Q: 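Right, I'll just put the structure down here and ask away after.
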Amino acid sequence: MFLPMTVPVRTRFAPSPTGYMHIGGMRTALFCWLWARHNRGTFILRIDDTDQQRHVEEALQPIFRAFRWLGLNWDEGPEVGGPFGPYFQSQRSHLYRDAVEKLLASGHAYRDFDTPEQIAADRQAAESQKQNYVTVRRSLDLTPAQQAEWTAQGKPSVVRLLVPRDRKIAVDDAVRGHVEWDCGLMPDPVLMRSDGSFLYNFATVVDDAQMQITHIIRAEEHLTNTAVQALLHEALGNPPPVFAHIPFITAPGSNKKLSKRDLLKLRNSPALKKMFDRADEILPQLGWGDSSTLNPVMVEYYERLGYLPAGILNALSRLGWSLDDKTEHLPLPTVIENFTLDRIVKAPAGFDPEKLQSYQANWMNALPLDEKIDGCLTYLQRKQEVAGTTTPIDREFLGRVVAMLGERLRVFSDILDYPELFLSTDAPLVYDEKAFQQRLVTATEAPGLLTNVRDLLATVEPFDAPTLDKLVHDFVTAEGIKIGQIVHALRIAVTGKAVGAGLFETLALLGRDLCVSRITATLARC
RNA sequence: GGCCCCAUCGUCUAGAGGCCUAGGACAUCGGAUUUUCAGUCCGAGUACAGGGGUUCGAAUCCCCUUGGGGUCACCA
């Protein structure tokens, strides 16, 4: 658009080390990554750690982890290096200092000796007169000698950009179109603090230019910053990058930014409650905390619960972007091939857990059986480790379980919902008490019928699903009862549960001995 | 409050003047199948925020209103 086609595309994602990867931030990162890959360009990871936290290294790990899990590799950045490093803002002060000097020398910036108190008073004065506040610029009237003297005395000062008030600044945003601001309404932004450190808005511009970023793809909340940044690029003589402000993700059922700050509200929102509850059910079994340590705004939540990268990627891609009027299931290569900035939707997109589930189900379904087995095995083994037990899990048997469960298995950790299938012979079942009452106590004929069926099961040959199906149906006919009078009782007797996979398949899977002994045990309980 | 952005079914979206009595997906509700749940198959309902223009013709272009959101630091 503004760049010659020969310039290779370079995009960047610049997270702060917060200690977790936000799902919305991941979506922004994905869009950056996609645009780079679509153009066979370069995707850069740069760490915005200007506030110098102590444990940057630790706080960074979940971010790297999320990228790696989803398979979004970075071409330049931490751990991989690159020709434009260092990739930590905290290590790039010399570049910012040079840029400040350059702006000071060219007259685009000036030293401001006004105290924060003066500035605050100016602001208040403007406000009380219902006037727009702009910097008063008293320091501009200082003689060079006065300035030098104050500087020599160590009087604190900041460096501000001298905003050209007589004009407008405009940007042709790749998703929002032409946007412009009146510079006469803008205060002069601080570039360098009195302690010599630099502001994000300035550092970003210096970095983007030095790293030769061609497309700045970021969340909409930065749109207002763009006026200052565009001015800075201009003052620095940089070739202007293309800006693309993508809409942010909103919390389900709201139009506010999906934020970790509103966690309490999110937890109680009907759409998200299930996800929190699921975390509390599953995570403790695996020794990975609970919903207070991992929640649905974090990428790690999905990883730990056993979602598929393909499912998450598909869902994230479709939040604010579409291929056409009907394609929903998109493998990454297809997205890369077709991803363009002009198809990004302008309006904010609500995060919809239900739809995410449906993408996930689609990709789980498409997964080869072997990979499903591997995934489930990991979870079963992890659970055993945590519980301190070591019952060996037969891979072939697990394969039969996974095949039988079919679409009931949406994420890998769902396998933990079926402990009764993996229990050894002598381990007692946990019964769904309500169902037990209804099907085996209230239904007074049930124990008798069950006893008869057990005796038939003890000898029937072969012990496979079709045979068992026929056996039970013949039994129903012979007894003159309804099928519902026996199947529910039978299922509870054998699994303890009211619902599950196909009954006859389940019986066949568990095997004759286990079925008979469990029915006997259940009968003893009636 | 100033500035800026946004506005199609409950939700994600298609739609770049006639193909739109607005298409798809998720969710919802029916029906069928099944021993239950899930699934599957079939079917249903539901949307262009409002008002003015421009035009032979507007969801699509312009203006206004309304509503929502973002941002206004020596934060990132």
Side-chain angles (χ1 to χ4, degrees), chain A residues 14-18 48-51 89 112 114-116 119-120 123 126-127 130-133 156-160 173 175-177 179-182 185-187 189-201 203-204 219-227 245 247-250 252-257 271 315 318-329 342-343 345-359 361-362 365 405-410 435 439 469 472-473 476 482-492 497-504 506:
Chain A
S16 316
T18 50
D48 272 3
D49 58 347
T50 47
D51 47 350
Q89 287 194 324
D112 182 5
D114 282 359
T115 61
I119 300 292
R123 196 179 288 276
E127 207 166 296
K130 301 228 183 225
Q131 290 210 311
N132 192 267
Y133 166 76
S157 67
V158 299
V159 174
R160 287 182 192 274
D173 192 282
V175 348
R176 326 212 81 89
V179 185
E180 61 178 30
W181 297 266
D182 184 350
L185 266 22
M186 296 161 64
V190 172
L191 273 24
M192 188 174 81
R193 298 186 186 92
S194 53
D195 68 358
S197 64
F198 301 91
L199 277 95
Y200 159 83
N201 227 4
T204 295
E220 185 187 345
E221 64 219 76
H222 290 281
L223 188 57
T224 314
N225 283 337
T226 307
H245 287 93
F248 46 79
I249 295 181
T250 65
S254 102
N255 37 23
K256 298 225 170 70
K257 216 163 63 171
R318 284 287 288 100
L319 227 45
W321 179 85
S322 68
L323 173 60
D324 54 29
D325 61 340
K326 45 179 72 77
T327 314
E328 292 289 343
H329 298 135
D342 61 325
R343 287 200 65 82
V345 175
K346 292 184 179 72
F351 176 67
D352 182 358
E354 299 276 11
K355 190 118 188 194
L356 170 63
Q357 288 292 344
S358 105
Y359 288 119
N362 172 263
N365 258 285
L405 257 20
E407 305 198 353
R408 260 166 269 257
L409 205 67
R410 290 199 162 188
R439 303 296 190 185
D469 191 326
V472 172
H473 278 92
V476 164
K482 284 192 212 151
I483 187 98
Q485 287 175 276
I486 185 62
V487 290
H488 300 292
L490 189 50
R491 175 185 295 286
I492 291 160
K497 291 179 175 172
V499 298
L503 175 60
F504 305 112
T506 304

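Below, read A as the first sequence line, B as the second, and so on, with proteins coming before strands; counting in each chain starts at 1. Since we're looking at a predicted model, the values are computed, not measured.
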Q: Taking only the side-chain heavy atoms of A/P116 (C-beta and beyond), determine which of B/C74, B/C4, B/C37 contains the nearest atom.
A: B/C74
Q: Looking only at atom C1', what distance separates B/C12 and B/C19, rounded to whole Å?
A: 25 Å
Q: Just checking A/L199: base, sugar-phosphate only, or nothing, at a heavy-atom cut-off of under 4.0 Å?
A: sugar-phosphate
Q: Just call it for A/E407: base, sugar-phosphate, or nothing, with non-hydrogen atoms closer than 4.0 Å on any strand.
A: sugar-phosphate
Q: If you look at every strand shown and take non-hydrogen atoms under 4.0 Å, does A/A271 touch a base, only sugar-phosphate, or nothing?
A: nothing
Q: Under a 3.5 Å cut-off for both distances, is B/U21 Watson-Crick or wobble paired, and to whom?
A: none
Q: Strictly below 4.0 Å: does A/H222 bring a side-chain N or O up to OP1 or OP2 of B/U71?
A: no
Q: Contact class for A/G320 (heavy atom, under 4.0 Å): base, sugar-phosphate, or nothing?
A: sugar-phosphate
Q: Paired with B/A32 by Watson-Crick or G-U wobble geometry, both distances under 3.5 Å: which nucleotide is it?
A: B/U40
Q: Please name the nucleotide paired to B/U46 by Watson-Crick or G-U wobble geometry with both distances under 3.5 Å, or report none.
A: none
Q: Name the pairing partner of B/U55, where a pair is Watson-Crick or G-U wobble with both distances under 3.5 Å, or state none.
A: none
Q: Write down the distance separating the P atoms in B/G10 and B/A49, rounded off to the nearest Å.
A: 12 Å
Q: Pick base, sugar-phosphate or nothing for A/S358, based on heavy-atom distances below 4.0 Å to the nucleic acid.
A: sugar-phosphate
Q: For A/D342, answer base if it contacts any base atom (sugar-phosphate contacts may also be present), sugar-phosphate if it contacts only those atoms, and nothing otherwise; contact means non-hydrogen atoms under 4.0 Å.
A: nothing
Q: With a non-hydrogen cut-off below 4.0 angstrom, is A/N225 in contact with a base, only sugar-phosphate, or nothing?
A: base
Q: Does the side chain of A/K256 get closer than 4.0 angstrom to OP1 or OP2 of B/G69 through an N or O atom?
A: yes
Q: Nearest to the A/R410 side chain among B/C37, B/G39, B/C74, which nucleotide is it?
A: B/G39
Q: Applying a 3.5 Å limit to both distances, which nucleotide forms a Watson-Crick or G-U wobble pair with B/C26?
A: B/G10
Q: Given B/G39, B/C74, B/A14, which nucleotide is nearest the side-chain atoms of A/V345?
A: B/A14
Q: Mind checking A/A498 for me? I need base, sugar-phosphate or nothing, with any heavy atom below 4.0 Å counting as a touch.
A: base
Q: Taking for each residue the nucleotide of RNA chain B with the nearest heavy atom, is it A/K257 or A/N132 whose nucleotide lies nearer the 5' end?
A: A/N132
Q: Consider the side chain of A/P348, meaning its heavy atoms from C-beta on, and name the nucleotide among B/C6, B/G2, B/C74 that approaches it most closely.
A: B/C6
Q: Measure distances between side-chain N and O atoms of A/T224 and base N and O atoms of B/C72, and say whether any donor-acceptor pair falls under 3.5 Å.
A: no
Q: Would you call A/K355 and A/E328 a salt bridge, taking side-chain N to carboxylate O under 4.0 Å as the test?
A: yes
Q: When you compare B/A22 with B/C48, how far apart are their C1' atoms, in angstrom units rounded to a whole number?
A: 8 Å
Q: Could you walk me through whether A/S197 and A/M192 pass the side chain to side chain contact (heavy atoms under 4.5 Å, CB included) check?
A: CA-CA 6 Å; A/S197 64; A/M192 188 174 81; over 6 Å; no
Q: A/S16 side chain: which of B/C6, B/G24, B/A76 is closest?
A: B/A76
Q: Check every strand shown and say whether A/Q357 touches a base, only sugar-phosphate, or nothing at a heavy-atom separation below 4.0 Å.
A: nothing
Q: Please pick, from B/G24, B/A76, B/C5, the nucleotide with the shortest atom-to-atom distance to any side-chain atom of A/Y200.
A: B/A76
Q: For A/Q89 and A/D49: C-alpha separation, side-chain torsions, deciding distance, then whether side chain to side chain donor-acceptor pair (under 3.5 Å) applies.
A: CA-CA 6 Å; A/Q89 287 194 324; A/D49 58 347; over 6 Å; no
Q: In whole Å, measure the gap between the C1' atoms of B/U46 and B/A27 for me.
A: 12 Å
Q: Is there a donor N/O on one and an acceptor N/O on the other, under 3.5 Å, for the side chain of A/K326 and the base of B/A25?
A: no
Q: Across the strands shown, which category fits A/G484 at heavy-atom distances under 4.0 angstrom: base, sugar-phosphate, nothing?
A: nothing
Q: Does A/E221 make a side-chain donor-acceptor contact with the base of B/G69, cut-off 3.5 Å?
A: no
Q: Take atom P in B/U40 and the same atom in B/A76, then report the distance between them in whole Å.
A: 50 Å
Q: Counting Watson-Crick and G-U wobble pairs only, both distances under 3.5 Å, name the nucleotide matched with B/G70, or none.
A: B/C3
Q: Taking for each residue the nucleotide of RNA chain B with the nearest heavy atom, is it A/R439 or A/T115 whose nucleotide lies nearer the 5' end?
A: A/R439
Q: Measure from the side-chain heavy atoms of A/L185 and tell me the nearest of B/A25, B/G70, B/C3.
A: B/C3
Q: OP1 or OP2 of B/A73 less than 4.0 angstrom from a side-chain nitrogen or oxygen of A/R123, does that happen here?
A: yes
Q: Could you work out the separation of B/U71 and B/A44 based on their P atoms and round it to a whole Å?
A: 44 Å
Q: Given the structure, check if the side chain of A/R176 and the base of B/C6 hold any donor-acceptor pair shorter than 3.5 Å.
A: no
Q: Which is true for A/V158 with a 4.0 Å heavy-atom rule: it touches a base, it touches only sugar-phosphate, or it touches nothing?
A: base
Q: With sugar-phosphate meaning primed atoms plus P, OP1 and OP2, does A/F504 contact a base, only sugar-phosphate, or nothing at under 4.0 Å between heavy atoms?
A: base
Q: Using the C1' atom as the point on both nucleotides, what is the distance between B/A7 and B/A47, in whole Å?
A: 12 Å
Q: Any idea which of B/G69, B/U36, B/A14 is nearest the A/D325 side chain?
A: B/A14
Q: Angle class for the A/Y359/A/H329 ring planes (parallel below 30°, perpendicular above 60°, tilted otherwise)?
A: perpendicular
Q: Pick the C1' atom in B/U34 and in B/U21, then give their distance to the nearest Å.
A: 39 Å
Q: Base, sugar-phosphate or nothing for A/G406? Non-hydrogen atoms, less than 4.0 Å.
A: nothing
Q: Identify whether any heavy atom of A/L503 sits under 4.0 Å from a base atom; if not, whether one sits that close to sugar-phosphate; answer base, sugar-phosphate or nothing.
A: base
